[in-house]
Chemist: 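Please see the structure below; I have some questions.
FYI, the numbering just counts along the sequence from 1. In this text, all values refer to a predicted model and were calculated from it rather than measured experimentally.
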Amino acid sequence: MALLLLFVSLLALHVFLCTSQSQSNPHSKNATFQVGVLLDLDSPTGGIGLSYLKMALSDFYALHSNYTTRLALHVEDPKGRVIDSAALALKLLNEVRVDVIIGPQKSSQASFVLNLGPSTFPTDRAHVPVISFSATSPSLRRRSQYFIQTAQSDATQVGAIASIFKKFQWREAVVIFEDTDYGHGMIPYLANEFYDNDVRISYRSIIPLQPSEDFILKELYKMMNMQTRVYVVHMSRPLAARLFLKAQELGMMSEGYAWIVSSGIMDMISSLDSHVVQSMQGVLGVKPQIPESENLNSFSQRLERKLFQNSNVKKETDLSFIGLWAYDTLWALALAAERVGYSDSISKYSASNINSTNLLDFKISETGPKILQAILLTKFERLSGEFSLVNGQVEPSSYQILNVVGGGVRQVGTWSPAHSLSRMLEKSGKTYQGAVDLQGVVWPGESTHVPRGWEIHVGGKKLKIGVPFKDGFTEFLSAERDRQTNTTKPIGHYIDLFESVIKALPYLVQYEYVPFLIGNDGSYNDFVHQVFLQKFDAAVGDITITTNRSRYVDFTMPISEGGVSMIVPITYEDSNNKWTFLKPLKKDLWLTNIAFFIFTGFAVWVLEHRINTAFRGPPSQHVGMICWFPLSTVVFAHREKIMSNFARLVVVVWIFVVLILSSTYTASLSSRLTVQRLRPSYTDVEELIKNGKSVGYQEGSFIASLLKGLGFEESKMKSYGVADECSEALTKGSKEGGISAFFDVTPYSKIFVSKYCNKFMEVGPTYQTDGFAFVFRKGSPLVADVSRAIISVTEGKKMSEIDPICADPGGTGSNSVSLKSFEGLFAITGSVTATCLAVFLILYLYKNKLLLQRIIANSSSSTWSKVCAVCRHFDNKDLSSFPFSRSTHDSKIQLDNTSAFSHSTADLQLSSHVEEATRPIQVASEGANHEIIPPTADIPTSSHVDGATRPIQVASEGANHETITPHPHEAV
C-alpha cells in the first residue's frame, strides 16, 4: 500500500512539472524554424556542403540541448539548372513556407533567383533571407538587402593574385574566365588591382560554360601567338580541368609559362582526376587561409569518421573551405533563431491578393526580418575563423599561396591585406611577415627558374621598329641607300646604339626597320602615335620624352641629355665706349659702394668730432671731411690722424674692403680693355616675346607646342628642316624676314653651335626635358630589359660620341661683378661700423646723462630747441678726452718753467713790460698746433703783477698749437 501511494505521488509530481514547463514555454510545441536548402547534390561542392550542414546541425544541438528552438532542413536539388533553382525557391516559399533559404550553390543560380519578379526580388517581397556559403560573385550582395554572403567574395582574392605579379615583376597578363556571373564578377576588381600595380591585361579570353573542344583549342592557339606568357584562370573546376588538359597537349604547360588559378579551382583540387592534376603541375593558386584552432583540429578528427557517408560523394581528406563556410553558416543561423524565438512564421495575404493566381505572389514572413537582423549581429569563433558580418558579407581574410606539385598542393606563402605577401616555413609553419620570397616554387615543366612572363620571338615574327627620316639635322640619324637590296636603311649614332642595346639583351630579338617621313606629312608626335596604334612595335631615333607622349606609350631610360636651348647670334662689346670704366661693376655694386663710402665717412666723423681738431670747423668743413676721408683711403692719401680707437677699428676694416674692391675693379677693367668680349644678342625669352621677335624651331619637333605655351604668337614661329637655312635666318634677324632666336633640344643645339662657333651661341636651357629615348607600346615587357641594357652600354665611351666641342672663338672677357660677390664683405664692415657707433653713443649718453636730463626736463623749451641744445653740446670739445687732457697737462709744465725764468730776469722785463704786454706770450707744447688767443679786456696789463696780460702760447712739437690764457692769479 505504501509503495502504491509513493508511485501515485511521483506520477503527480511528474505531471505537475511537465505542466509547469509547458506553461513557461507556450511555444514549445512549435519551436521549429523551417530552413530551405538549395544544393546540387551531384556536385562535389553540393554533396560536401550538405554533409557539413548536417554535421553542424547535429553538433550544435548536441552542445546546446537546452535551446528551445530547432532548425528543420528542407533540401531541394536543382541539379545545376538555373531555372530549376528558381522553381524550387518558389516551392519553398509557397508550399513549405520557409523562414530562411540556404543557397543557391552557384552565383548564376543565386543571381537568377534574386532577379526573379517583375519589380522587386521575391525574397525581398516575402521578407525571407537567403544565405549562401558557396556563391562568391561580388555583385550578388548589391542585388538584395535580404541576401547574406557567408563565403569570401571573389573580390577579396584579387590582391593576393596581384601580389604574385608584383613579386615576380610581371607586367602583362592574359585573363581566362568562364562566361557566367561567377566568371564575370571578379574581372572588374582584378583589372582595377592590376592597374594599381602597373599590370596590363593584354587579352581577355571568355570561355562558354560548355565549350567545344575546338573552341578551347582555338583560344589556346590564339594565346600561344601572343607575347604574354602569364595566364590567370577563373572558372569552375570541371571547366578548368578541360582547359588544362588541352593546354598540356599544346605544350603550354612547359618551361617559360606561368599559370595562376583562383580559389574556386584550388579548393578540393585533389578531388579532380589524377591525370588532370598531373596536367596542372607548376600551377600557382590562392585559397582562403583557415587559421588553426583546437575546435578545427577536433573537427578534422571527427571528419574522418562521420563525413562523406554518402556513396555518391568522393571522400576528401583535406578540409574544404566551402564546407567550413557551410558549417559556420548553419551554426550562425541556429544562434540567430534562438535569439529571435518563434512566432507564426507566415502571415495572411492582404485582401487584394486573396484571389490572385500570380505565381510570384508570396505570403510575407514575420520571422524573416528578425532572423536577418539577428544574423547580421551574430559574432562567434567559427571553424574558419571569427564569424562577423559587415554589410551582409564576411570580413576579408588572409589567403594561402599554393603550388601544385606531384599529386597535390603545398603552401609556398601567404597573403594578407595588412602585410601583403609573406613567406611560410615548411618545418615550423610560421610566417615571416615582410619576407616577400616565396619558398621553393616549382614552375611548369618542373622548372625552378621564374618565367620571364613574355616571349618576343613567336612564330618567326619580327618586331617592327619605326625610324624617323628627314632632310636636315641628320647628325645623329640619317638614311642610306643599299645598292644591293635597293632599299633605304637607317644609319647614325642612335641606330648604332639601339643595335648595341639589342645585342646586350640576354635573349634573341628579331626586328626590322620601318621608315617614317618627318616633314609636311607628319611630325614626331604623329610618329610616336603610330606605336600607340600598334603599327610599330617600337620607335628609335631622336625622340624626346614629353608628358603628353608618355600618356599613351612607354619610354626607356634617356639615351641623351635633356633640355631645350635657345640659340642666338653673337654680338661683340665695344671696348672704346666712353662709359666702359663703369662696366666692371654692376649697378647694384656701384650704389652699395657709394652708400658705404658715405656711411663710413659719417661714422669716422662722429667718432672723431669731439676729440680731434681735424674733424672740427664750420659745416662745410664737416661735409667735406665726411666725403673726403673715405675716398682718400682708396689711394691711401689721407693725412688726418685718428685719435679714437673706435675710429681706428672702423678705418682698418674699411681699408681692407677698399683694397679688395680696387683690385677687383682693376682686374675687370683691364680684361675688358685688352680682351674682346662676346655676348648674346638676346638672353631672355620674355624680351623676345615683348619685342615681337620671330623665332625658329626644327621642323616636326614638339618645340612648336612648347613655344606656344611660352607665349609666342604662331605668326612669329617658323620651322626649318635644314641647318643652313636656320643659320641664314638667324643672320638676317627678324627685321629682314629672318629670326632672332632658334630653339632646339640640347644635343642638336650643341651640334649647331659647334658648326657656327663664330656666329651663334647657346643660351639656356630655357625648358627642361628628359632627353631622347626609345619608344615602346604601353606595358611592353621589353622596356625594363632595354633600359637595363642601355645602362650597360652607355657606361662606356658610347655617349661621349654625341658631345661635340666647339673651338674657342675668342676670349669672352669678364662679366660685370655683382653685389652678390661682396655681400659678406659689406656685411662685415657694416656690422663693425654700426657696432662702434652704437658703443660710442651709449658711452656719450652715459657720461652726459645729467646735463641731457636737464635739457630734456626743461618744459619751457620746444622739442626742436631741445634737439638743438643736445647737438650744440655734442659739437663742443670733449676736454676730458685723452688728446685734450694730455695737451693741458703739457701746457702746465711749460708754464711753471717760464715763471721761474721770468723772476731771474725781472729787471730786464720791467723796462719793457708795456711793449711785451701787447704781444702774446707763446707757450708751446711739443706736438700741438699753434693757436693764439688774445687777452681779454678784463685782465690788467701791469707788467709786474699782471704779467699774465700777455697770452701764453704753449706749444708741443708736432702738435696743433693752441694759446691758453693763464689764470689772473697765476704768476708768470
Side-chain angles (χ1 to χ4, degrees), residues 39-40 42-49 52 80 82 103-111 132-141 149-162 164 175-190 193 205-211 231-244 259-273 276-277 279-280 283-290 314 316 318-326 329 384 393-394 396-404 408-409 411 415:
L39 292 175
D40 301 328
D42 291 337
S43 66
T45 299
I48 291 175
Y52 274 77
V82 174
Q105 175 178 319
K106 298 180 180 179
S107 297
S108 56
Q109 295 171 337
S111 177
S132 179
F133 59 82
S134 57
T136 57
S137 177
S139 62
L140 292 176
R141 173 56 189 166
Q149 200 169 26
T150 57
Q152 286 283 343
S153 170
D154 288 333
T156 61
Q157 64 180 311
V158 297
I161 295 174
I164 299 175
V175 180
I176 309 171
F177 57 96
E178 66 179 42
D179 192 12
T180 61
D181 289 341
Y182 168 72
H184 288 278
M186 188 185 76
I187 301 307
Y189 298 90
L190 182 64
E193 192 70 23
S205 177
I206 305 176
I207 308 297
L209 190 58
Q210 294 180 348
Y231 309 102
V232 179
V233 182
H234 176 59
M235 55 182 60
S236 59
R237 283 190 299 275
L239 185 57
R242 296 179 59 190
L243 178 73
F244 280 105
W259 295 81
I260 301 173
V261 299
S262 60
S263 60
I265 301 175
M266 293 306 295
D267 186 36
M268 300 182 301
I269 192 172
S270 57
S271 64
L272 298 174
D273 293 337
V276 176
V277 177
S279 69
M280 297 177 63
V283 171
L284 281 179
V286 297
K287 180 180 178 180
Q289 179 83 34
I290 302 174
K314 179 181 178 180
E316 175 65 58
D318 294 335
L319 290 175
S320 167
F321 61 82
I322 292 290
L324 294 178
W325 290 343
T329 298
S384 58
Q393 294 177 314
V394 293
S397 65
S398 302
Y399 276 83
Q400 298 173 287
I401 310 298
L402 303 175
N403 187 202
V404 180
V409 297
Q411 184 173 350
W415 178 90

Chemist: Give the intermediate values and the outcome of side-chain contact (heavy atoms from CB on, under 4.5 Å) for residues M280 and I269.
Modeler: CA-CA 10 Å; M280 297 177 63; I269 192 172; 3.7 Å; yes
Chemist: Quick one: does V394's side chain get under 4.5 Å of Q149's, heavy atoms only?
Modeler: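 They are not in contact (no side-chain heavy atoms under 4.5 Å apart), so the answer is no.
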Chemist: Counting C-beta onward and ignoring hydrogens, is there a side-chain heavy-atom pair between P44 and R237 closer than 4.5 Å?
Modeler: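 Touching, per the 4.5 Å side-chain cut-off.
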Chemist: Under 3.5 Å, side chain of S132 to main-chain N/O of P104, donor-acceptor pair present?
Modeler: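 A pair under 3.5 Å: yes.
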Chemist: Mind checking whether W259 and Y231 have parallel, tilted or perpendicular rings, split at 30° and 60°?
Modeler: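 Tilted.
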Chemist: Quick one, H234 with D154, criterion side-chain contact (heavy atoms from CB on, under 4.5 Å). Give me CA distance, side-chain angles, the key distance, then yes/no.
Modeler: CA-CA 10 Å; H234 176 59; D154 288 333; 3.6 Å; yes
Chemist: Go through the steps to decide whether M266 and V261 satisfy the test side-chain contact (heavy atoms from CB on, under 4.5 Å), and finish with yes or no.
Modeler: CA-CA 7 Å; M266 293 306 295; V261 299; 3.3 Å; yes
Chemist: In the structure I gave you, are the side-chain heavy atoms of F244 and V276 within less than 4.5 Å of one another anywhere?
Modeler: no
Chemist: Does a side chain donor of either S137 or S139 reach within less than 3.5 Å of an acceptor in the other side chain?
Modeler: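 Side chains of S137 and S139: pair found under 3.5 Å.
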Chemist: Heavy-atom distance under 4.5 Å between the side chains of V277 and V404, does that happen here?
Modeler: yes
Chemist: May I ask you to test the R242-M235 pair for a side-chain heavy-atom distance under 4.5 Å?
Modeler: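 Of all side-chain heavy-atom pairs linking M235 with R242, none is under 4.5 Å.
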Chemist: Does the side chain of M186 reach to within under 4.5 Å of the side chain of Q157, using non-hydrogen atoms?
Modeler: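 Yes, close enough: below the 4.5 Å cut-off.
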Chemist: Any chance you could lay out the side-chain contact (heavy atoms from CB on, under 4.5 Å) test for V286 and I401, step after step, and finish with the verdict?
Modeler: CA-CA 5 Å; V286 297; I401 310 298; 3.8 Å; yes
Chemist: Is a side-chain donor-acceptor pair under 3.5 Å present for S263 with Q152?
Modeler: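 Side-chain D/A pair, Q152 to S263: absent.
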Chemist: Nearest heavy-atom pair of L140 and A135: which atoms, and what distance?
Modeler: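 Smallest interatomic distance, heavy atoms only, reads CD1-CB, 3.6 Å.
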Chemist: Applying side-chain hydrogen bond (donor to acceptor under 3.5 Å, both in side chains), run through Q105 and S43 and close with a yes or a no.
Modeler: CA-CA 10 Å; Q105 175 178 319; S43 66; 3.0 Å; yes
Chemist: Testing the 3.5 Å rule here: is there a donor-acceptor pair between the side chains of T329 and T150?
Modeler: yes
Chemist: Tell me the closest heavy-atom pair linking F177 and G183, and the distance in Å.
Modeler: CD1-O, 3.8 Å
Chemist: Below 4.5 Å, heavy atoms only, C-beta onward: do S397 and F321 meet side chain to side chain?
Modeler: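 Heavy-atom side-chain distance check fails, nothing below 4.5 Å.
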